Amino acid sequence: MALALLIGAIAVVSSLYLDLPLKDPDGFLGPSFIRLPLLALGFVGAGLVVEALRRSGWRQLPGTIVEIVKKEWNAHRVLCIGAGLLSFYICYVAYRNLKSDLPIYREGTLYDRQLLQLDHWLSGGNNPAVLLHDLFGTEIMANVLSIAYLAYLPLIPISLGAFLVLSRNHAVGAWYATTLCLNWVLGTISYYMLPSVGPAFSRPELYSSLPDTGVSRLQDALISARLDFLSNPAGSESIQGVAAFASLHVSVTFAAALFMMRTNQKRLIKTITWVFFGVTIVTTLYFGWHYILDDIAGMGIGWASVTVAGWATGHGRRRKPQPAEPIDASTPEAAPAPNAVETNVSSLEAEKRSLVEAVELSPEADLSQPQDAPARRSA
């Protein structure tokens with residue numbers, strides 16, 4: 001929550017400094033004071049139904065839901081879920097507004113030419129998008145990859161709600177929520193470090209052979225909103241949403257896959273998240289959203305987000321081994337068992353008799369010379 005308040009305060013200060021209003025992105029469900037409670041109630045309701053079905057099935061669903069609410073849902077759990085959702089929302093709104101302000105603060109500064117040259121060097125003198133178009137084609141695969149890319153948008157809040165509501169360990173939900181919040185914060189910083197719009201907007205001719213898909217329509221909407229915002233920042237109702245470095249699609253999907261591993265989720269879930277991360281990298285290059293360096297930086301942001309969030313929520317600290325407590329001889333644990341004493345005594349007696357018999361039977365034994373006494377056992 002402290003991180004959310006900090007980034008939220010920065011967004012408010014930026015809004016006051018530029019004399020631009022804060023805007024609520026993705027408001028298809030109405031204003032935030034309506035949308036946020038609706039999302040929270042939806043997550044909680046879905047979590048209760050899933051848990052009740054897991055325990056008793058459909059027949060006793062209402063009664064099981066009431067029983068779960070009475071036994072497992074208290075004020076502390078509700079506050080943890082609410083804090084996680086509110087932190088995520090504040091960070092996301094601040095991220096979108098600070099991203100929208102980027103062309104004003106970094107006016108006339110773009111690094112697309114340098115990033116494009118780096119792409120050519122890393123691809124052996126070729127363009128990575130052209131290579132992918134030749135490899136996968138530009139018809140069926142374009143539509144498949146478009147679906148995969150757009151699936152990112154609903155999957156992130158759904159996964160957050162799942163970990164906050166379905167997980168009985170509140171610290172795990174806090175870890176995931178903090179991870180997502182750090183992605184928004186670090187992603188915003190990266191935008192200001194290396195402003196760029198991406199190859200689809202700097203070299204659109206490279207993607208002219210792609211068919212009309214959901215991704216192409218989204219790109220058209222984003223560039224139109226950017227141009228509308230730049231024409232009149234104070235009067236425009238649009239939110240500028242074009243920025244390439246670093247790729248937050250890559251950072252968030254990589255962070256999610258890494259988080260599944262570190263929290264030891266089921267193998268199927270880990271496999272799905274890693275596959276989705278790999279497909280996301282392909283889509284960012286295939287459709288020209290990002291340069292290669294954008295994706296590499298995105299993986300770095302994802303790793304840093306999971307690691308720092310784990311440390312902040314108590315999952316990244318190594319526990320020091322506790323020293324063994326000394327055993328008091330007067331305690332029952334310190335005293336040897338009677339059977340053990342008898343066994344030690346009998347074994348010593350048997351060894352003594354065998355040594356005496358060996359001396360008596362040996363013809364070369366010189367009784368006048370003292371024999372080396374066997375080493376005494378310490379009790």
Side-chain angles (χ1 to χ4, degrees), residues 1-18 20-26 31-33 35-37 39-41 43-44 74-102 105 156-193 239 243 246 248 251-252 254-256 258-260 262-263 297-298 300-319:
M1 182 59 77
L3 176 66
L5 294 176
L6 176 61
I7 190 67
I10 293 175
V12 171
V13 171
S14 175
S15 174
L16 295 174
Y17 175 76
L18 297 176
L20 295 176
L22 280 176
K23 297 168 184 174
D24 191 8
D26 304 328
S32 59
F33 63 87
R35 182 167 67 253
L36 189 60
L39 289 174
L41 289 175
F43 285 136
V44 171
N74 50 34
H76 176 70
R77 184 172 184 179
V78 173
L79 287 175
C80 288
I81 295 173
L85 291 174
L86 184 60
S87 298
F88 172 84
Y89 186 77
I90 292 175
C91 285
Y92 181 70
V93 171
Y95 149 77
R96 289 295 304 272
N97 279 271
L98 292 172
K99 182 181 182 180
S100 183
D101 298 338
L102 174 62
Y105 285 112
I156 297 307
I158 290 174
S159 63
L160 172 65
F163 274 104
L164 287 175
V165 175
L166 300 181
S167 177
R168 296 182 180 179
N169 187 349
H170 305 325
V172 173
W175 185 3
Y176 191 63
T178 307
T179 295
L180 294 179
C181 291
L182 280 171
N183 271 278
W184 307 137
V185 173
L186 297 177
T188 303
I189 295 173
S190 70
Y191 291 157
Y192 282 81
M193 289 175 57
I239 295 183
L248 288 200
S251 76
V252 172
F254 180 76
L258 185 61
F259 179 83
M260 300 304 170
R262 293 195 177 180
T263 54
I301 290 176
W303 174 85
S305 298
V306 175
T307 303
V308 174
W311 179 86
T313 55
H315 294 87
R317 305 166 187 169
R318 295 182 179 178
R319 294 181 179 179

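None of these values were measured; they are calculated from a predicted model.
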Revision key, fill the gap. The reported gap from CD1 in I90 to CG in L6 (rounded to nearest 0.5 angstrom) is 11.5 Å

**Study point:** Side-chain donor or acceptor of Y176 paired with backbone N/O of A162 under 3.5 Å
**Key:** no

Revision key, fill the gap. Of all heavy-atom pairs linking H315 and A171, the shortest is CE1-O, 3.2 Å

**Study point:** Rounded distance (nearest 0.5 Å) linking atom CG of D24 with atom CZ of R96
**Key:** 10.0 Å

**Study point:** Sub-4.5 Å side-chain heavy-atom contact between S14 and Y105
**Key:** yes

**Study point:** Y191: ring-ring contact (aromatic ring centres under 6.0 Å, His included) partners, not counting sequence neighbours
**Key:** none

**Study point:** C91 side, atom SG; L3 side, atom CG - distance, nearest 0.5 Å
**Key:** 4.5 Å

**Study point:** CG-CD1 distance between L5 and I10, expressed to the nearest 0.5 angstrom
**Key:** 11.5 Å

Practice item. Before giving the answer on side-chain contact (heavy atoms from CB on, under 4.5 Å), spell out for L85 and Y89 the whole-Å C-alpha distance, their side-chain angles and the decisive distance to 0.1 Å. Key: CA-CA 6 Å; L85 291 174; Y89 186 77; over 6 Å; no

Check your understanding: Where is the tightest heavy-atom contact between A243 and K99, given as atom of each residue plus distance?
Key -> CB-CE, 3.8 Å

Check your understanding: Under 3.5 Å, side chain of S87 to main-chain N/O of A83, donor-acceptor pair present?
Key -> yes

Exercise for review: Supply the atom-to-atom distance I239 CD1 to D101 CG, rounded to the nearest 0.5 angstrom.
Suggested key: 10.0 Å

Study note, to complete from the structure: Residues A246 and I301: closest non-hydrogen pair is CB-CD1, 3.9 Å

Practice item. State, to 0.1 Å, how close L248 and Y95 come at their nearest heavy-atom pair, and which atoms those are. Key: CD1-CE1, 3.4 Å

Point to revise | Side-chain heavy-atom pair V172, F259 within 4.5 angstrom cut-off | key: yes

**Study point:** Side chain to side chain, W303 and T307, heavy atoms closer than 4.5 Å
**Key:** yes

Revision key, fill the gap. Interatomic distance, CD1@I7 vs CD1@I189, rounded to 0.5 Å, equals 7.0 Å

Exercise for review: Considering non-hydrogen atoms only, spot the tightest contact between V165 and R77 and give its length.
Suggested key: O-NH2, 2.8 Å

N/O donor-acceptor pairs under 3.5 Å from side chains in residues 180-188, not counting sequence neighbours:
residue : atom : partner : partner atom : Å
N183    : OD1  : S251    : OG           : 2.8
N183    : ND2  : T179    : O            : 2.8
T188    : OG1  : W184    : O            : 2.7

Exercise for review: Taking all heavy atoms of N97 and all of V93, pick out the closest pair and write down the distance.
Suggested key: ND2-O, 2.8 Å

Check your understanding: Side chains of F88 and L164: closer than 4.5 Å at any heavy-atom pair?
Key -> no

**Study point:** W175 side chain vs V306 backbone, donor-acceptor pair below 3.5 Å
**Key:** yes

